[in-house]
Amino acid sequence: MPTHRTFKGFFSYAGHDAKTDPTLIPAFTTDLENRVNAKLVNARFSIWRDEESLQTGEIWNRKIETELKEADILIVLLTPRWIDSEYCRKEYTIFEEVELARAAGEYIIPLLVRSIERQEKHFTDEQKDVYERVLTRQYQVADAIEVVKLTQAGLIGLIDKIADDIVGMLERIRGLPAVSTPDRPMVRRRWSKEFDAKAQNYERVDFVTNAEVILDRPTGGRRDVLAHVGFMERLYVQGTKGRIEFGVRRAFLSITDGGIGRIVKLDELKRGDDSGTRYYTTLQDDPEAVTICMDPPAGKSSLAELPLPPARGENLLSKVAAVTAETKAGEINAELIVSLDAEGLYLPDGKVISPRTAAAIKAIMNIANTKQTQSGNQTVDGNGLFHRTIQVKERS
Amino acid sequence: MTNREPVISVSLGSTLDRLLEEAAGQDLPSFRRMAKAAGLDPSRDFKGASLRNMDFRDEDLRGFDFSNADLAGADFRRANIDGVPFSGADLRGAIGIPGMSVVLPRVSANLFSGLIETLAAAPYGGKADLPALADELHMQIDDLSPVAKAMGMFGFATFGSTFGARDIKLTDIGLQFAELGTDDRKKLFRRQLLSCVPLAARIRHVLEETADHVVPRSQFLSELGEHMSPEDAEHTLRAVTAWGRFAEVFTYNDDHGTFALALASPDYKKYAYSCLEMADAAIDDRARAAFTQMAQVWFRLAEEKAATPENLLEALTTTSPDYRRYAQACLQMAESAADENTRAAFTQMAQGWFRLANVKGQ
């Protein structure tokens, strides 16, 4: 007999909406549960919701938190009152962490039940932030549809579509290896709806602001390899129909000495730094190189200035490796390897595309960028990474 | 120093405009049409692409090549992906790829090769009527069908309307397979296995992601059991195990019931550099000499085509090393390793030296 695994959904809603439209709750809990279960083999799905108004006043109930952390999927009944509710926003934020801990995929389904757009101007910063994160969801089944205006047949069709999304998410959870976790904390990319005023025009400005590698003077029988790199945090590409932003998602600085073996890693970096944003790694294509990986700091999705913090006594330069005292700068090769990522997509007022289409456009623009971008000292490899040679210099 | 270079040679702005124009007014614009609008070639430009969490439901993706792409979390339900290569792609959490829930036929690689050779040779010239072929080979059609099915799965053969439902025809890859020598056949078989059998790619990927590169069989059996009967899950896992072993995609230990990552030459090179690093950091000449000697052996092995205990032994006999001392040194390095990967690498190296010490002892 196959084991029946039970998956849990958490239904996040504002109590006021339940009172205003009492038919919505059973539609998106009991009916939805039934439709999902009708599509599952050897598994069951149940939706939990706070029926006892566990949240009262200022007290955050631990039972809610436990249910959220045990949930496989979060279903959000997105309304102005949901945005209004501090508890609902907290539920969303907690589940985002649960979602990020998984190796891949999205597990939140927002259902736009009542129009919110006209209320946006009244949002606090925190409400706006949560709302924008919700809008990036690909599985936003009720794009621009106000559920409350649907006919009975339309509602059934919508519930079936949501059930299909949930079945897909459960299939993904069943397929993910239990042992696999991301090697580094992942950052869910945020899509800021407002254009970043600090962004520079990609067609005029390079994404690398600075890149230098210096061989320090010999001390104690060795020479330190020092480096300074910096990136533009945001670059935009402007078309007549819209605008897209790029950022540097990850960068590698790879240093080789022609394979002679005189270059060594630094003990302090072998363990990675405290922030977890720079650490040694080994490139499959060049395992003999000493390679340092640079990730964005927590809460950021792209690299900016000084991703390699300056060493003690230095203004800009960071120690990245060491070589034997007799090594000359001309014997060392350095390469900066960068992955760029399309992040924000901005359309003129009144133009709307679904999150799914936006994701496809961003993915295609990433590929077009690697294909169309060329320069003298830069190449692009088969994985869409930009490679740029840096001349190593002696410290003057 | 600042490396400022003119970066854009072709306007990305106009590419964006074409994409938005393609998407305008459509609920579900076609991914293929958008790719073409951006001037991309589906058969070339999507290799190694970052397509994490993409929603490909209901898309027609025939002609795309997703080899080495990051497709973790992607949704392919109801998408047409016939003949789409996924070799080396990250498919963690990807759903809707036929094959993950398909019962695999148990067909030996030798039978596979035999049928391809027969079909490629005269009088068939690459195509045949299946029942007639079964007669010629003195086989029952029921015995031949699983072999043919497996050939289709690997992209070595096609069936279908052009030649009639009972006909089989070798593809270009199938014809190429027939012409290759043993080693190259194995390479092609490996490539097709990882591209066309998602379960094999998944086992390989999970092994790569796991710290010690060892995963119990029960894990995959349990996952398959969620999509098919326990008997079919067992059958499917046995089929993929045999293919994976033949193609050296992974190894399987019958006694322990565990899959492990087959050591590939890049690992040897990594070990060699680790040894050189250790030699650099060694506090006495003896340890330095030992690590240097170990590095030489690993470098030599990195150049070998396949990793077998025999060629390990052959490489080592010329250097007369003290295997047990090397093993002990590796274990010490494992204990003091700063991270899990290094610890796992040294532990694996130690196991290799111990094994060689035992072989030498015998």
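Computed over heavy atoms, backbone and side chain alike; hydrogens, waters and symmetry mates excluded. Each chain gets a letter, A, B and so on, in the order its sequence line appears, and its residues count up from 1. None of the values given here were measured: they were computed from a predicted structure.
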Using a strict cut-off of less than 4.0 Å between a Lys/Arg side-chain nitrogen and an Asp/Glu carboxylate oxygen, indicate whether D75(B) and R356(A) qualify as a salt bridge.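 Looking at R356(A) together with D75(B), the answer is no, because their closest N to O distance does not fall below 4.0 Å.
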Distance-minimising heavy-atom pair for [X] and [Y]:
| X | Y | value |
| --- | --- | --- |
| I364(A) | A38(B) | CG2-CB, 3.4 Å |
| E171(A) | G96(B) | OE2-N, 3.7 Å |
| M54(B) | A359(A) | SD-O, 3.8 Å |
| S50(B) | A363(A) | O-CB, 4.2 Å |
| V237(A) | G13(B) | CG1-N, 3.3 Å |

Under 4.5 Å from any heavy atom of chain B, what part of D381(A) do you find: side chain, backbone, both or neither?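 Contact with chain B: none, neither part.
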What residue in A24(B), P29(B), A23(B) has the most heavy-atom pairs under 4.5 Å with chain A? P29(B)
Shorter than 4.5 Å, heavy atoms on both sides: which option in E22(B), M34(B), R18(B) has the most such pairs with chain A? M34(B)
Any chance CZ of R395(A) has more than 12 other-residue heavy atoms, nucleotides or ligands included, within less than 6.0 Å?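 Count over threshold, so yes.
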In terms of heavy-atom contacts, does NZ of K36(B) have more than 12 from other residues, nucleotides or ligands at under 6.0 Å?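 No, because the 6.0 Å sphere around NZ of K36(B) holds 12 heavy atoms or fewer from other groups.
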Residue E21(B) versus chain A: region with a heavy atom under 4.5 Å: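 Both parts, backbone and side chain.
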Side chain, backbone, both or neither: which part of F220(B) has an atom under 4.5 Å from a heavy atom of chain A?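 No part of F220(B) comes within 4.5 Å of chain A.
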In Å and rounded to the nearest 0.5 Å, what is the [atom1] to [atom2] distance from [X] to [Y]?
| X | Y | atom1 | atom2 | value |
| --- | --- | --- | --- | --- |
| I353(A) | L19(B) | CD1 | CG | 9.5 Å |
| D55(B) | R137(A) | CG | CZ | 13.5 Å |
| L40(B) | I367(A) | CG | CD1 | 6.0 Å |
| L12(B) | E203(A) | CG | CD | 6.5 Å |
| T357(A) | L28(B) | OG1 | CG | 6.5 Å |

Full working for side-chain contact (heavy atoms from CB on, under 4.5 Å) between K241(A) and L16(B): CA-CA 8 Å; K241(A) 298 177 191 305; L16(B) 178 62; over 6 Å; no
Is there a donor-acceptor pair under 3.5 Å between the side chain of R172(A) and the backbone N or O of G73(B)?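 Between the backbone of G73(B) and the side chain of R172(A) there is a qualifying donor-acceptor contact (under 3.5 Å).
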Test side-chain contact (heavy atoms from CB on, under 4.5 Å) on R57(B) and D165(A) and set out the steps. CA-CA 10 Å; R57(B) 282 179 295 174; D165(A) 286 347; 2.4 Å; yes
